[in-house]
J.: 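One structure coming up, written as structure tokens, with questions to follow.
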Amino acid sequence: MEELRLLSKEYYQKNVDIKLFGLTGGLFLLLSMPFLGLSIYLNFYTVLTDFVLLPMLISASFWSFAKKEYKRNLIRRLAFFTHLESTNVSEHKAVYLQLLTSHIADNLYETMKAFRDITETNAKNRSFVLDNGWYHFFNFLYNPDAKNRILSLLIYLISLVAVLTVIKPDTGVDFYEIIHNISFSDVKTFFIMSIFLILLGYVILVVPLMFIISYAVVPLLLKFSSASMLSRYFISEINKYAFVDVRVLQLTKPSTRCS
């Protein structure tokens with residue numbers, strides 16, 4: 001696990017860095033913020049909801065330009081180790097991962113299997129001690145073995161709704177009448193608004209949160225050597241680029257190994 005932690009930390013520091021946006025990317029990133037804020041304001045504080053998409057699209061365009069600058073600078077950084085002339089960031093990541101883990105296995109697929117076995121063994125042998133307190137706490141909040149119980153509760157809820165629609169309790173509320181009065185237009189409007197609100201919520205809440213976690217929270221975790229999050233990220237990257245390293249190295253095999 002120590003080797004996995006060290007490799008994960010090194011890979012993350014090389015590939016996830018807010019400095020990679022550069023001056024131009026940072027400018028695009030800053031320009032996207034006011035338009036995102038304007039779309040939020042128009043949606044929640046005015047009646048001009050028809051104009052929400054325009055500033056949102058402008059914000060997304062600036063973010064796209066910033067992301068292109070990020071990828072361009074990332075390719076320049078990784079090319080120092082990979083010696084590739086490719087403009088495909090995936091190929092650079094794949095070769096860099098292979099160079100980083102060449103002492104583990106000959107290709108990323110075998111490396112992924114080796115690290116997966118290590119993490120599974122580590123997870124199955126977590127003793128109930130203070131050092132593993134957070135692991136057992138989150139395992140108490142959600143355990144994969146509880147899926148059947150969650151499914152049972154969902155079935156009970158559906159059964160309760162079905163009973164309330166058939167049996168009319170003395171509540172003064174007729175569930176059947178409520179359902180009967182729902183028109184197709186209402187259902188269509190509900191689904192359209194649901195999709196819009198989910199997308200809007202994702203852009204407004206999840207994306208900024210992911211940005212903060214990637215470029216603020218995780219760098220802090222690096223200082224405290226948080227192995228769990230970095231290991232998952234590192235293994236997912238190996239899984240994503242498995243076999244790409246073999247294809248690229250068949251075309252051009254770098255002679256310098258990163259350390």
Side-chain angles (χ1 to χ4, degrees), residues 1-22 24-25 63-126 135 207 210-259:
M1 283 298 295
E2 276 300 303
E3 185 67 9
L4 176 57
R5 181 186 66 82
L6 293 173
L7 292 176
S8 302
K9 182 177 180 179
E10 181 175 349
Y11 180 80
Y12 197 95
Q13 288 176 329
K14 288 291 190 299
N15 287 269
V16 183
D17 187 355
I18 197 169
K19 295 179 182 177
L20 289 172
F21 282 104
T24 305
W63 167 252
S64 177
F65 294 145
K67 192 64 177 176
K68 286 181 181 178
E69 287 296 319
Y70 186 96
K71 287 184 177 180
R72 187 179 294 113
N73 292 327
L74 177 59
I75 287 174
R76 288 174 185 158
R77 176 182 287 185
L78 295 181
F80 177 79
F81 301 101
T82 63
H83 304 290
L84 296 178
E85 297 181 358
S86 172
T87 57
N88 189 327
V89 68
S90 297
E91 293 182 354
H92 282 276
K93 284 187 175 183
V95 174
Y96 180 70
L97 281 168
Q98 199 280 330
L99 293 171
L100 200 63
T101 61
S102 59
H103 61 294
I104 305 296
D106 294 332
N107 57 70
L108 293 182
Y109 180 71
E110 295 298 327
T111 302
M112 179 196 64
K113 290 198 298 182
F115 282 141
R116 184 179 59 191
D117 292 341
I118 290 173
T119 53
E120 287 178 355
T121 302
N122 182 68
K124 291 177 181 178
N125 293 277
R126 297 247 184 164
Y135 168 79
V207 173
M210 292 171 63
F211 183 85
I212 293 171
I213 291 174
S214 297
Y215 300 107
V217 176
V218 173
L220 290 176
L221 293 176
L222 286 173
K223 297 182 181 298
F224 298 100
S225 300
S226 176
S228 59
M229 179 179 290
L230 295 178
S231 299
R232 287 195 296 270
Y233 174 79
F234 186 61
I235 293 175
S236 68
E237 289 286 283
I238 291 178
N239 182 64
K240 183 188 298 182
Y241 300 114
F243 300 114
V244 177
D245 58 319
V246 178
R247 175 175 57 82
V248 175
L249 289 175
Q250 285 177 346
L251 301 176
T252 169
K253 187 175 181 180
S255 58
T256 302
R257 181 184 179 276
C258 61
S259 57

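Since this is a predicted model, take the numbers as computed values, not measurements.
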J.: Looking only at non-hydrogen atoms, find the nearest pair between Arg77 and Gln13 and report the distance.
T.: NH1-O, 3.4 Å
J.: As an exercise, state the distance from CG of Asp106 to OG1 of Thr111, rounded to the nearest 0.5 Å.
T.: 8.0 Å
J.: Quick check: are there more than 12 heavy atoms from other residues, nucleotides or ligands sitting under 6.0 Å from NZ of Lys19?
T.: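 Open: at most 12 neighbouring heavy atoms sit under 6.0 Å from NZ of Lys19.
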J.: Using 0.5 Å steps for rounding, measure from the NZ atom of Lys14 to the CG atom of Leu20.
T.: 11.0 Å
J.: Taking C-beta and beyond as the side chain, do Met112 and Asn107 meet within less than 4.5 Å on heavy atoms?
T.: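 Heavy-atom side-chain distance check fails, nothing below 4.5 Å.
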J.: Test Asn73 against Phe21 for side chain to side chain contact (heavy atoms under 4.5 Å, CB included), laying out the working first.
T.: CA-CA 7 Å; Asn73 292 327; Phe21 282 104; 6.0 Å; no
J.: State which residues pass side-chain contact (heavy atoms from CB on, under 4.5 Å) with Ile75; sequence neighbours excluded, sorted by chain then number.
T.: Val89, His92
J.: Distance check, rounded to the nearest 0.5 Å: Ser90 atom OG versus Asn88 atom CG?
T.: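 CG of Asn88 is found 4.5 Å from OG of Ser90.
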J.: Starting at NZ of Lys71, measure out to CG of Leu78 and round the result to the nearest 0.5 Å.
T.: 13.0 Å
J.: Report yes if the side chains of Tyr70 and Ile18 come closer than 4.5 Å at any heavy-atom pair, otherwise no.
T.: no
J.: Heavy atoms, side chains only, cut-off 4.5 Å: are Ile104 and Phe115 in contact?
T.: yes
J.: List in chain and number order the residues that pass salt bridge (charged side-chain N to carboxylate O under 4.0 Å, His left out) with Arg72, two or more places apart in sequence or in another chain; answer none if no residue qualifies.
T.: Glu69
J.: Who are the salt bridge (charged side-chain N to carboxylate O under 4.0 Å, His left out) partners of Lys113, not counting sequence neighbours?
T.: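 Partners of Lys113 under the salt bridge (charged side-chain N to carboxylate O under 4.0 Å, His left out) test: Glu110.
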J.: Is there side-chain contact between Phe81 and Val95, with at least one heavy-atom pair below 4.5 Å?
T.: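 No, every pair of side-chain atoms sits at 4.5 Å or beyond.
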J.: Working to the nearest 0.5 Å, report the span between CG of Leu97 and CG of Leu108.
T.: 5.5 Å
J.: Between Gly25 and Ala66, which heavy-atom pair has the shortest distance, and what is it?
T.: O-CB, 3.4 Å
J.: Does the Lys NZ or Arg CZ of Lys68 fall within the cation-pi geometry relative to Phe65 - under 6.0 Å from the ring centre and within 45° of the axis?
T.: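 No.
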